[in-house]
Amino acid sequence: MSRNIIESLSRQEKGFTLLSELLQEEYQLLRKRKPQDISVLELSIHELMAQLMGERKGLIKLLGGKKLSKYVAWLKTKKLPEGENNPVTLIEGTVARMTKLEQRCARQGEANTQLAFALMDQSKALLDFLHDQIAPKQQGSYSKKGRYQETIQRSSILKGRL
């Protein structure tokens, strides 16, 4: 069982390494403003995250719903070989590296999000500016039929019946 857990953690570690690289690539594409390439990469990121979640659920199933830390504590009570092949050492080392990778991915994801929102705000501001420049200055300048309607600037006399 320890071998299966170590293999699962190792796959997750490799997945987070790949995720970190993909997020860095996404950041570069955001800076270069290549939306088609970003959308393709985004699909890959989502697929990888789904695979990581599947791997994580599989690990939870292997552990019988228990926490990994409880399993490691139980392993420490057993007589296990010392050295680099010790399952406790392997698990703890992999978890420590994975935690650092997860934090790096979270920071890079946050940077990507901020850049994407900044670019969206910039694009929206530019569109609003262009719309304001194109829109007619007078609100009533076109008739219902789409023809230009000239407004009369002189004062008009009110007519009514008494």
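Side-chain N or O atoms of S8 include none that pairs as donor or acceptor with a backbone N or O of N4 at under 3.5 Å. Remark: side-chain polar atoms of S20 are not paired, donor with acceptor, to backbone N or O of F16 under 3.5 angstrom. In terms of modelled atom types and a separation under 3.5 Å, the side chain of T113 and the main chain of G109 share a donor-acceptor contact.
Rounding to the nearest 0.5 Å places CG of L101 at 11.0 Å from CG of L18. Annotation: the span from L126 atom CG to H131 atom NE2 amounts to 13.0 Å, rounded to 0.5 Å. Here the CD1-CZ distance, from I38 to R33, works out to 10.0 Å after rounding to the nearest 0.5 Å. Here CG of D128 is found 11.5 Å from CD of Q133. Values are rounded to the nearest 0.5 Å. Expressed to the nearest 0.5 Å, how far OG of S10 lies from CD1 of I91 amounts to 12.0 Å.
Of the listed residues (Q51, E55, E7, R56), just one forms a side chain to side chain donor-acceptor pair (under 3.5 Å) with Q12, and that residue is R56.
Residues Y27 and Q108 are in side-chain contact: their nearest non-hydrogen atoms beyond the backbone lie under 4.5 Å apart. Residues L90 and L9 have side chains not in contact (no heavy-atom distance under 4.5 Å, counting atoms from C-beta outward). Residues K100 and R104 are not in side-chain contact: their nearest non-hydrogen atoms beyond the backbone lie 4.5 Å or more apart.
Taking both residues in full, the closest heavy atoms of L75 and P87 are given as CD1-CB, 4.2 Å, listed atom of the first, atom of the second, then distance. When every heavy atom of C105 is checked against every heavy atom of L23, the shortest pair comes out as O-CD1, 3.4 Å. E26 and I45 make their closest contact through OE1-CD1, 3.8 Å (heavy atoms, listed as atom of the first residue, atom of the second, distance). Between L119 and L30, the shortest heavy-atom contact is CD1-O, 3.4 Å. Contact between E13 and T94 at its shortest, heavy atoms only, is OE1-CG2, 3.6 Å.
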* How far apart are the C-alpha atoms of K76 and E92, what are their side-chain angles, what is the distance that settles it, and do they pass the salt bridge (charged side-chain N to carboxylate O under 4.0 Å, His left out) test? -> CA-CA 11 Å; K76 287 180 179 179; E92 287 177 340; 3.0 Å; yes
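A single hydrophobic cluster is not seen to contain both W74 and I60; linkage of ILVMFWY side chains at heavy-atom distances under 4.5 Å, directly or through other members, places them apart. Connection of L22 to V40 is not established within any shared hydrophobic cluster, with ILVMFWY side chains joined at heavy-atom distances below 4.5 Å, either directly or through further cluster members. M53 is not connected to V95 by any chain of hydrophobic side-chain contacts under 4.5 Å among Ile, Leu, Val, Met, Phe, Trp and Tyr, and they are in different clusters. Under a hydrophobic-cluster definition in which Ile, Leu, Val, Met, Phe, Trp and Tyr are linked whenever side-chain heavy atoms come within less than 4.5 Å, directly or via other members, L19 and L115 are assigned to the same cluster.
Hydrophobic cluster membership of L43, counting Ile, Leu, Val, Met, Phe, Trp and Tyr whose side-chain heavy atoms lie under 4.5 Å apart directly or via other members: none, as it forms a cluster of its own.
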